[in-house]
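Read the structure below first, then the notes.
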Amino acid sequence: MFSRLVFGLGLLSATALVHPALAADVRTLQIIVSKDKQSLAVYDGTEVVATSKVSTGKDGHTTPSGIFSVLEKQKYHESNLYSNAPMPFMQRLTWSGIALHESNSVPRYPASHGCVRMPAAFAKMLYGMTDRGVPVIISDGELAPQPIEHPTLFHPDAPAMPLLSDVELRPSMPDSPEKPVQVAMNDTAAMPMPAALPIAAPEPEPPSEPISMLVTRRTLRETVIDIQTLLNQLGFSAGNPDGFLGPSTVQAIKAFRTLRPAEFAADRSLVSDTLLKEVYAAAGKGEPPNGVIMVRQAFKPLFEAPVTIADPGLALGTHFLTLHAVDAKAGTADWLGITLENNLSRETMKRLGITNQESSIITGKPIARSLSRITIPDETRRKIDALIAPGSTLTISDTGLGRETGEGTDFITITRG
């Protein structure tokens, strides 16, 4: 890796910078594109290890701002949208046509049809640095990842030091100086042996593949999945919990409502907050959650679980966190965070029940404020703690999965179309 990067350095113009730190684990890299500056920076942790000028989308073909990752790589690709235009060293960000790629026209002002153009030498070098899954952040202004510590963030459990399970513990301090000190030791038929030393805990094996996570507000899909799951537990045949209002689910909901005419006298909607609360109460589950955490690995859904978001009328904002390093032995994790500006439309705020966008502001400590409002059940936390690895990511967003998130993607969040 290092020799290839040194070779690349000789090809780059004065607009680019390369650092030997790129020899480190490429999964901890992230790429940040500034549309205002028409620049690209590659970070390894908080350190800039490569930079270049770029050209993003011009008027009418704006490059979307948001959180992406490299989905696919091809050394030579032709555009499916624009007359088979060549796109060498293409790194795809969305299946709808946004990518990083080489171009012989990078004037350092918006000039593309939506992609991020890069000079030839830099595009080739960047292609050799990255793997699929490397995060790519596109924003209007310049951003830089910063270290963040917060009790809500995930970290590996430090292994406990095992004790001798079959040894009776005795006091080690004598009642008086004349008495001998007693120590814990195994009884044997032969001559007494020295007390055994504690057995060192085995070195924990880190997970082989990083995960990506999204914390967001619950949508109708998550609500229907909950209703289906709980109605099945209550003996109603609601069908497979898939989030779709199929015939079995509709029939089960109607049957449940029929048994509680007083509760639903003023509620004419098939799926409503009243229905969710009544189903939760009938199942003995308490108050329903208003948030969800979704987990993916290798571009495939792994699982999802409910979370609770305090002060739901206040926007969470859009934040992206990456796990730069993990010390499994010490049980620590080094997280880095970025906040993206994300102005929600009036219609979106109304749909999500948001009355205040204060958390969308990128000054102060917006990540810590948002994390402090998120409560994750202990069982879910333990499950995720066991999965995290360097390169794992966490997105916090008000706006759900987003239209670009789908089969063969990580969580894609669009902040400006």
Side-chain angles (χ1 to χ4, degrees), residues 1 4-5 8 16 18 22 24-35 39-45 48-52 54-57 63-80 87-103 112 114-120 122-139 143 145 208-214 296-301 320-324 336 338 340 389-395 401-402 404-415:
M1 166 84 65
R4 182 170 70 239
L5 294 173
V18 175
L22 285 171
D25 185 353
V26 296
R27 291 187 302 178
T28 67
L29 298 182
Q30 54 183 316
I31 299 168
I32 300 179
V33 176
S34 167
K35 293 194 289 187
S39 64
L40 179 153
V42 183
Y43 281 85
D44 181 11
V48 177
V49 293
T51 64
S52 176
V54 298
S55 285
T56 58
T63 301
S65 298
I67 301 165
F68 309 87
S69 62
V70 175
L71 307 179
E72 178 189 42
K73 298 176 62 172
Q74 292 183 15
K75 288 186 177 180
Y76 187 80
H77 178 76
E78 292 182 348
S79 173
N80 299 323
M87 299 168 62
F89 297 104
M90 185 274 295
Q91 303 193 55
R92 182 183 296 279
L93 305 183
T94 72
W95 293 116
S96 63
I98 305 301
L100 310 170
H101 66 83
E102 172 193 327
S103 175
S112 78
C115 288
V116 178
R117 295 179 182 176
M118 301 175 291
F122 186 86
K124 182 178 181 180
M125 187 202 69
L126 185 66
Y127 189 93
M129 290 160 50
T130 60
D131 286 335
R132 292 173 66 235
V134 167
V136 180
I137 312 300
I138 301 177
S139 69
L143 297 175
S208 58
E209 190 81 26
I211 59 174
S212 59
M213 298 168 280
L214 171 67
R296 290 191 170 203
Q297 191 173 50
F299 299 132
K300 295 180 180 178
F320 182 71
L321 298 100
T322 55
L323 183 52
H324 180 60
L336 305 172
I338 288 174
L340 286 78
S392 294
T393 64
L394 169 63
T395 300
L401 280 174
E404 293 286 358
T405 301
E407 187 176 350
T409 75
D410 279 331
F411 297 109
I412 298 176
T413 301
I414 304 295
T415 58

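What you see below is based on every heavy atom in this structure, not just the backbone, and it leaves out hydrogens, waters and symmetry mates.
Side-chain contact check for L40 versus I32: every heavy-atom pair is 4.5 Å or farther apart. L100 is listed as a side-chain neighbour of L126, based on a closest heavy-atom distance under 4.5 Å. At a threshold of 4.5 Å between non-hydrogen side-chain atoms, the residues T28 and D44 count as touching.
Every side-chain contact (heavy atoms from CB on, under 4.5 Å) that S55 has, sequence neighbours left out, goes to Q38, V106, P107, A111, R117. Checked against side chain to side chain donor-acceptor pair (under 3.5 Å), E102 has no partners two or more places apart in sequence or in another chain. By the side-chain contact (heavy atoms from CB on, under 4.5 Å) test, E72 pairs with Q74, M90, R92, W95, sequence neighbours left out. The side-chain contact (heavy atoms from CB on, under 4.5 Å) search around I98 returns P64, L93, T94, not counting sequence neighbours. When the side chain to side chain donor-acceptor pair (under 3.5 Å) test is applied to T322, the partners found at least two apart in sequence or on another chain are Q30. Among residues two or more places apart in sequence or in another chain, the salt bridge (charged side-chain N to carboxylate O under 4.0 Å, His left out) test is passed with K35 by D140. Every residue was checked against the ring-ring contact (aromatic ring centres under 6.0 Å, His included) condition with F320, not counting sequence neighbours, and none meets it. Annotation: side-chain contact (heavy atoms from CB on, under 4.5 Å) contacts of K75 (sequence neighbours excluded): F89, Y127. Taking S212 as the reference, D410 meet the side chain to side chain donor-acceptor pair (under 3.5 Å) condition, with sequence neighbours excluded.
Side-chain N/O atoms of T409 and E404 include no donor and acceptor closer than 3.5 Å.
A cation-pi arrangement, defined by a distance under 6.0 Å to the six-membered ring centre and an angle within 45 degrees of its axis, is present between R296 and F411.
The minimum heavy-atom distance between G114 and T63, with the atom names listed, is O-OG1, 2.7 Å.
Here the CG atom belonging to L29 is positioned 12.5 Å from the OH atom belonging to Y43, to the nearest 0.5 angstrom. Taken to the nearest 0.5 Å, the OG1 atom of T393 stands 8.5 Å off from the CD1 atom of I67.
Judged by distance alone, with hydrogens and angles left aside, the side-chain atoms of S112 form a donor-acceptor pair with the main-chain N or O of G57 at under 3.5 Å. Looking at S392, its side chain never comes within 3.5 Å of a backbone N or O of P210 through a donor-acceptor pair. A donor-acceptor pair is defined here as one N or O able to donate and one able to accept, closer than 3.5 Å; such a pair exists between the side chain of Q297 and the backbone of E209.
With F68 as the fixed residue, the side-chain contact (heavy atoms from CB on, under 4.5 Å) test singles out one of V134, I414, T413, I31: I414.
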